Every structure is written in C-alpha cells, then in structure tokens.
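A, B, ... follow the sequence lines: proteins, then strands. Residue 1 opens every chain. Keep in mind that this is a model prediction, so the values were computed, not measured. Just so you know, these numbers use all the heavy atoms, side chains as well, and skip hydrogens, waters and symmetry mates.
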Amino acid sequence: MPPIIEVQDLTKEFRTFRRREGVLGALQNLFVREYLTVHAVDHVSFSIEPGEMVGYIGANGAGKSTTIKVLTGILSPTGGKVISNGFVPYRQRRHYTKHIGVVFGQRTQLWWDIAVIESFKLLKEIYEIPERDYRRRLDVFSELLNLKEYLHTPVRKLSLGERMRCDLAASLLHNPPLLFLDEPTIGLDVVAKERIREFLKEINRTEGTTVLLTTHDLSDIEELSKRILIIDKGRILFDGDLEQMKNRLAQYNQVKFFLKDRSQVPRLAQIETDGIVCQRVDDLTYLIRFDRAKHSSAGVIRQIVNTLEVRDLLVEEEPIEEIVKRIYLKGEVA
Amino acid sequence: MKRHWRLLARYFAQYAKVRLAYKADFIIAFFSSMAATVLGFGFVLVLFTKIPRLQDWSFDEVMFLYGFSLIPLGFFNVVSWNLYDFSELYIIEGRFDRVLLRPVSTLYQVVFEKFRLESLQEVVTGILVVGYCVRRMHLELGAMDFLWFAVTVICGAGIYLAVFLILTAVSFWFEDRVGIVPPVFNMLNFGRYPLTIYNVFIQFLLSWIIPFGFATFYPTTHFLGRTAFTLYFHLVPVVAAGFTLLAVVVWNRGVANYSSTGT
Ligand SMILES: Nc1ncnc2c1ncn2[C@@H]1O[C@H](COP(=O)(O)OP(=O)(O)O)[C@@H](O)[C@H]1O
Ligand SMILES: [Mg+2]
C-alpha cells in the first residue's frame with residue numbers, strides 16, 4: 001500500500017516583526033517593520049503508512065504544532081511538498097478536512113457555550129454524517145470515553161480531561177481515516193492520560209485509523225507508538241522504530257537494588273570498581289548505572305549479590321528521556 | 001446548497017437557544033436596540049418640526065427612506081456581530097484554526113456563528129414604517145415593485161456586509177486594531193438620508209467608494225417615483241454583486257495570509 005502521508009522537504013518560515021509600544025509605535029508599526037524570520041520547520045521529510053500510529057516528539061518550540069498545522073491545511077508551507085490521503089491539504093482544504101480528525105490539546109474544537117451534544121449535532125450537519133452512523137459512533141464513543149454524564153453540559157463547564165475526551169469523540173464522529181493530535185495529554189492527570197491512550201489504541205486497532213500525535217511526554221510514546229519522529233529546531237533528528245532506537249542508542253543499563261539493612265552500606269565501596277558508581281536513591285535503595293559496552297548485566301548482578309545482602313534487585317534499560325536528551329544535545333543521531 | 005440552508009437553520013436555532021437562556025440580558029439588548037431605532041426616527045421628526053422640507057424631500061419621503069434603510073441594515077446587523085471582535089477572537093486568539101478545519105466556507109462560518117437577534121426588530125420596524133408611508137403617500141406599487149423591493153433589500157444588506165467584510169479582512173494583515181470601522185459606520189448613517197443634501201464629494205464617496213448610497217438611497221428613489229435616478233437604481237444589483245465579489249476575493253486573500261498563532 002502507498003503511504004497515506006508523504007512529506008517532502010517541508011519548510012515553514014514565519015516572518016514576525018518587532019512591535020513598538022504606544023500610539024507613535026503603533027503608527028510606526030504600520031509603515032516601518034523590522035522583520036525577523038523564524039524557521040519553524042526546516043526541510044522535513046517523512047512518510048506514514050495507513051494504520052500506523054506515529055509519535056512526533058520534540059521540546060517546546062521544536063516545530064511540532066507547525067508541522068501539524070501544515071498537514072491539516074491550516075497553514076500553507078513556505079516550501080516543500082505534502083500529500084495526505086491523496087490531497088494537498090492547504091490547496092484542497094475544504095474537501096480534505098472531511099477526511100481528517102484533528103485535536104489540539106491547548107484549544108477546544110467545540111463551541112464554548114453550548115452543550116456537548118449540541119456541538120456534536122452541529123458537526124453531524126457540517127460533515128453530513130448519516131443519522132445511523134452518527135448514532136452508532138456516538139454510542140461507541142460515549143461508552144469508551146465515558147461521556148454520558150457530560151453530554152448535556154456546556155463545554156466551558158468541563159474540566160480539561162472531560163473536555164479532551166469530548167474533543168476526541170468530536171474529531172472522530174465523521175470516521176476519518178486520519179487523526180492528528182497535538183499534545184492531547186497536556187495538563188492531564190495520570191488517570192485521564194491513561195484513558196485517552198486506551199481509547200486511541202482501541203480506535204487504531206478496530207478502525208485502522210492512522211494516528212499522528214505530537215507530545216513532549218515520552219510516556220505517551222512508550223505506550224502508544226512503535227514509531228517515533230524526533231524533531232528539534234525544525235529538523236528531524238530521528239525517524240524510526242522506538243525499540244530499535246533504544247537498542248541502538250541506549251548507552252547505559254541500570255540496576256536498582258534494595259539492601260537488606262543498613263549494615264550493608266559500608267560494603268558498597270567494594271563494588272565500585274572499574275567505572276561502576278553507586279548512586280543513593282534513598283536509605284536502602286541504590287542504583288548502579290553502567291556502560292552497556294563494557295559490562296554485562298549478568299556480571300554486575302553477580303558482583304552485587306556476591307558482595308552484598310540484597311532484598312530485591314531490578315534491571316532497567318536507560319529511560320528514553322535520557323536517550324532523547326542525548327539526541328537533542330548532539331543535534332543528530334550517530 | 002440545501003445543506004447550507006439546513007446548517008444555517010441549525011446555527012441560528014443553536015445560537016438563539018444560548019442567547020435566550022440569558023433572558024434579562026436579551027430583554028435589555030432588545031430594548032436598547034428599540035430605543036436606538038426610536039431615537040433615529042425621533043431625529044427625523046424633530047428635523048421636520050424646524051423645516052417643512054429637506055431640500056425637495058418631504059417628511060413622508062424621508063421617513064420612507066429612513067424606514068427602508070432599516071430593513072437591509074437590520075439584516076446586516078443580525079449577521080455582522082462576529083465581525084466586530086474578529087481580530088481579537090479569531091486571529092489573535094487563534095480561533096480561526098478551528099474554522100479552517102471544517103469543510104464549510106470560512107466566510108459562512110464566521111458570519112453565521114453568531115447572530116444579533118434583537119436587530120430583527122429593525123427589519124420589522126422598517127417594514128411597518130415603509131408600509132405606513134406608502135399608504136400616506138398613496139404610492140401605487142405593482143407586483144414588479146415588490147420583487148424589486150425584495151431584491152434591493154438583499155442587495156443593500158449585501159453591500160453593507162461586503163464593505164464591513166473588507167474592513168474585517170484587513171486584520172489578516174494587520175492584527176493591530178486599525179480604527180477605521182467607526183468612521184465607516186458614520187458614513188453608513190449618512191447614506192440613510194437623501195444623498196442630494198450633501199456636497200458632491202460626499203455624494204461621490206457614498207456612491208463609488210463606499211457604496212452605501214446603493215444600499216438605501218438609490219433603491220428608494222425608484223419606489224418614490226423619482227426618475228432622475230433611474231440609471232443608478234438599475235445599477236443596484238450590479239454594484240452589490242461587484243462589491244460582494246470584491247469582498248470574497250479580499251477575504252480569501254486574507255485567509256491565505258493567515259498564519260495562526262504560536263503557542
Ligand atoms: N503563528 C506563528 N507566528 C510566528 N511564529 C510562530 C508561529 N507559530 C509558531 N511559531 C514559532 O515557530 C517555532 C515552532 O513552533 P511550534 O511549531 O509551535 O513548536 P512546538 O509545537 O514544537 O512547541 C517557535 O519558535 C514558535 O515561536
Ligand atoms: Mg506545540
């Protein structure tokens with residue numbers, strides 16, 4: 001199957017100008033402008049297959065939202081090519097929008113003052129959703145996202161988590177093959193995040209919806225997507241499988257162990273050889289990070305249990321935050 | 001097309017429901033709108049206690065003109081409410097993103113997402129006043145005149161909307177509030193009196209630059225049987241179509257220039 005999204009050399013520049021204050025400044029603003037060019041997205045290329053769930057990650061200001069805005073037709077690019085579901089988004093916007101669902105975590109797509117269900121009914125009209133499909137999806141989403149109690153509440157009275165669930169349902173009422181999510185879990189508590197992730201997985205599995213989601217919360221990614229794209233300062237630093245990235249780029253493993261009692265503490269020094277360092281987590285909990293190239297987990301564990309009396313012990317891979325941080329610092333993937 | 005009418009009905013019903021939920025608020029808005037209308041007529045009345053005629057325009061004729069102008073103006077007021085804070089709400093706050101994500105024209109959404117319900121009062125008042133003046137002056141109106149009446153009302157509302165859409169579209173380029181809307185509103189009110197009372201400069205301005213004259217004055221000359229303006233009267237649909245087209249072009253250019261907001 002051909003890719004559902006193809007992005008080639010996508011570039012988006014913003015020209016902003018310095019604003020002067022006051023009445024005189026405002027007048028000056030009209031005539032003399034000092035421009036500043038921001039390269040929000042800089043020669044980005046990638047393609048996404050139908051049914052994929054891809055995580056688009058990057059720090060604040062990396063260019064995630066701008067990419068989503070170009071892909072959804074809100075912005076036209078400065079350069080490059082985008083084809084999504086057979087459309088050029090910013091040129092065929094009105095037709096294209098029938099085939100996509102979009103959720104912005106920061107801003108609701110629903111009408112602020114009216115009850116959620118009324119917003120849904122307006123969307124039914126706007127997207128010309130047949131009555132039967134509408135009913136069915138509304139039932140399914142109400143069930144999966146537990147919306148029933150909020151349907152008659154105006155959007156402005158909902159909590160962030162409730163609103164996000166309603167926004168998600170709204171974005172999928174017309175059953176789009178493509179779903180774009182910009183920071184869908186921002187500001188949510190753990191339970192709310194979990195619910196949204198479960199829902200996305202379910203939709204991706206049952207409907208085959210292709211999902212592209214941006215986030216700066218890497219736990220979203222670990223739960224949701226096999227594939228990640230890392231963007232920084234408008235450039236793609238990494239595009240590939242999450243597991244592969246870990247295998248290839250993880251430099252450290254860590255062993256966390258819990259001492260039997262405090263009498264063991266003085267003996268810790270005995271294992272600190274050959275570049276192995278013990279870090280204290282709390283009274284009885286310690287952590288050893290070691291270079292994967294130099295030591296094996298088995299060897300480190302052996303040394304720990306031979307030297308110390310431990311109650312329990314845990315081997316962990318390097319957290320992906322750390323790996324990603326290193327990628328940012330280097331500005332490339334070695 | 002049918003879908004757009006259905007959608008309009010939905011938008012309207014939806015908005016009316018929200019609006020009427022705050023009854024006191026709506027009643028106050030309704031009475032202030034009424035008061036403004038009465039004040040407008042009051043001004044004409046006072047004027048004619050001082051002078052018997054306004055140039056060669058009789059009291060009844062001026063009342064007819066002023067009443068007629070309320071009809072397109074009322075329709076325009078009903079749908080133009082969203083244009084006032086457009087720059088703040090849609091551009092600076094970035095609500096326009098949402099508008100762009102829907103498979104319906106952006107203009108349609110912006111105009112029909114909010115209605116100034118109380119201005120429907122102006123339409124009704126306008127029709128009543130015009131009806132009263134027709135009887136007082138014993139004007140003979142045929143079927144064709146009624147058709148023209150409907151056409152010119154639509155054209156008038158279209159001209160008002162086109163002019164203000166162009167002014168609104170400016171905010172796609174300049175976010176800073178540019179204070180051009182209030183003076184244009186004054187011009188609009190000038191156009192509700194006989195144009196011939198003004199100097200040539202203003203007459204020209206109101207005909208060919210900001211064509212408010214074509215929204216109210218020239219149409220009424222026809223119903224009042226003033227043949228001197230027949231040519232202008234026939235140009236009403238042309239001017240309305242031309243300005244509507246211009247507004248759509250400017251708007252679409254503005255939309256293409258929209259750059260959303262950084263968050
Ligand atoms: N509408 C805009 N006008 C001007 N600059 C913008 C606009 N949108 C984004 N930017 C700038 O582009 C860069 C990327 O922004 P964005 O795509 O929002 O990043 P992210 O979503 O990854 O946090 C930032 O430097 C931001 O300030
Ligand atoms: Mg963002």
Notebook entry, point to check: When only pairs under 4.5 Å are counted, which of Val255(B), Val99(B), Leu101(B) shares the most heavy-atom pairs with chain A?
Noted result: Leu101(B)
Margin query: Quick check on the interface: out of His174(A), His95(A), Lys121(A), who has the most heavy-atom pairs with chain B under 4.5 Å?
Written below: Lys121(A)
Note to self: I'd like to know which of Tyr15(B), Tyr11(B), Tyr258(B) tops the heavy-atom pair count under 4.5 Å against chain A.
What the structure shows: Tyr11(B)
Check: Which answer fits Gln109(B), side chain, backbone, both or neither, if we ask what part of it has an atom under 4.5 Å from a heavy atom of chain A?
Finding: neither
Notebook entry, point to check: With under 30° as parallel and over 60° as perpendicular, where do the rings of Phe172(B) and Trp251(B) fit, or are they tilted in between?
Noted result: perpendicular
Check: Relative to chain A, which segment of Ser105(B) carries a heavy atom at a distance below 4.5 Å: side chain, backbone, both, or neither?
Finding: both
Note to self: Between Thr67(A) and Val7(A), is there a side-chain heavy-atom distance shorter than 4.5 Å?
What the structure shows: no
Check: Is the Tyr90(B) ring parallel, tilted or perpendicular to the Phe96(B) ring (thresholds 30°, 60°)?
Finding: perpendicular
Checklist line | Quiz item: cation-pi between Lys12(A) and Phe14(A), 6.0 Å / 45° | finding: yes
Next item on the list: Would you mind checking which part of Arg3(B) comes under 4.5 Å of any heavy atom in chain A, side chain (CB onward), backbone (N, CA, C, O), both or neither?
Entry: side chain
Note to self: Heavy-atom pairs under 4.5 Å with chain A: which of Ser260(B), Gly94(B), Pro103(B) has the most?
What the structure shows: Pro103(B)
Item checked: Contacting region of Val104(B) [heavy-atom separation from chain A under 4.5 Å] -> both
Notebook entry, point to check: Do the two ring centres, one from Phe217(B) and one from Tyr193(B), sit under 6.0 Å apart?
Noted result: no
Item checked: Test of ring centre spacing under 6.0 Å for Tyr160(B) and Phe212(B) -> yes
Check: Side chain, backbone, both or neither: which part of Ser76(A) has a heavy atom under 4.5 Å from chain B?
Finding: side chain
Next item on the list: Tell me, out of Arg102(B), Arg95(B), Arg98(B), who's got the most heavy-atom pairs with chain A below 4.5 Å.
Entry: Arg102(B)
Next item on the list: Answer with side chain, backbone, both or neither: which region of Leu75(A) has an atom nearer than 4.5 Å to a non-hydrogen atom of chain B?
Entry: side chain
Notebook entry, point to check: Checking Phe104(A) against chain B: side chain, backbone, both or neither under 4.5 Å from a heavy atom?
Noted result: side chain
Checklist line | Within 45° cone of Trp173(B) ring axis and under 6.0 Å: Arg253(B) NZ or CZ | finding: no
Note to self: So for Ala21(B), is it side chain, backbone, both, or neither that comes closer than 4.5 Å to the heavy atoms of chain A?
What the structure shows: neither
Next item on the list: Test the Lys124(A)-Tyr134(A) pair against the cation-pi criterion, namely NZ or CZ under 6.0 angstrom from the six-membered ring centroid and within 45° of the ring axis.
Entry: yes
Notebook entry, point to check: Taking only residues two or more places apart in sequence, or in another chain, which ones meet Glu162(A) in a side-chain contact (heavy atoms from CB on, under 4.5 Å)?
Noted result: Tyr150(A), Leu158(A), Ser159(A), Arg165(A)
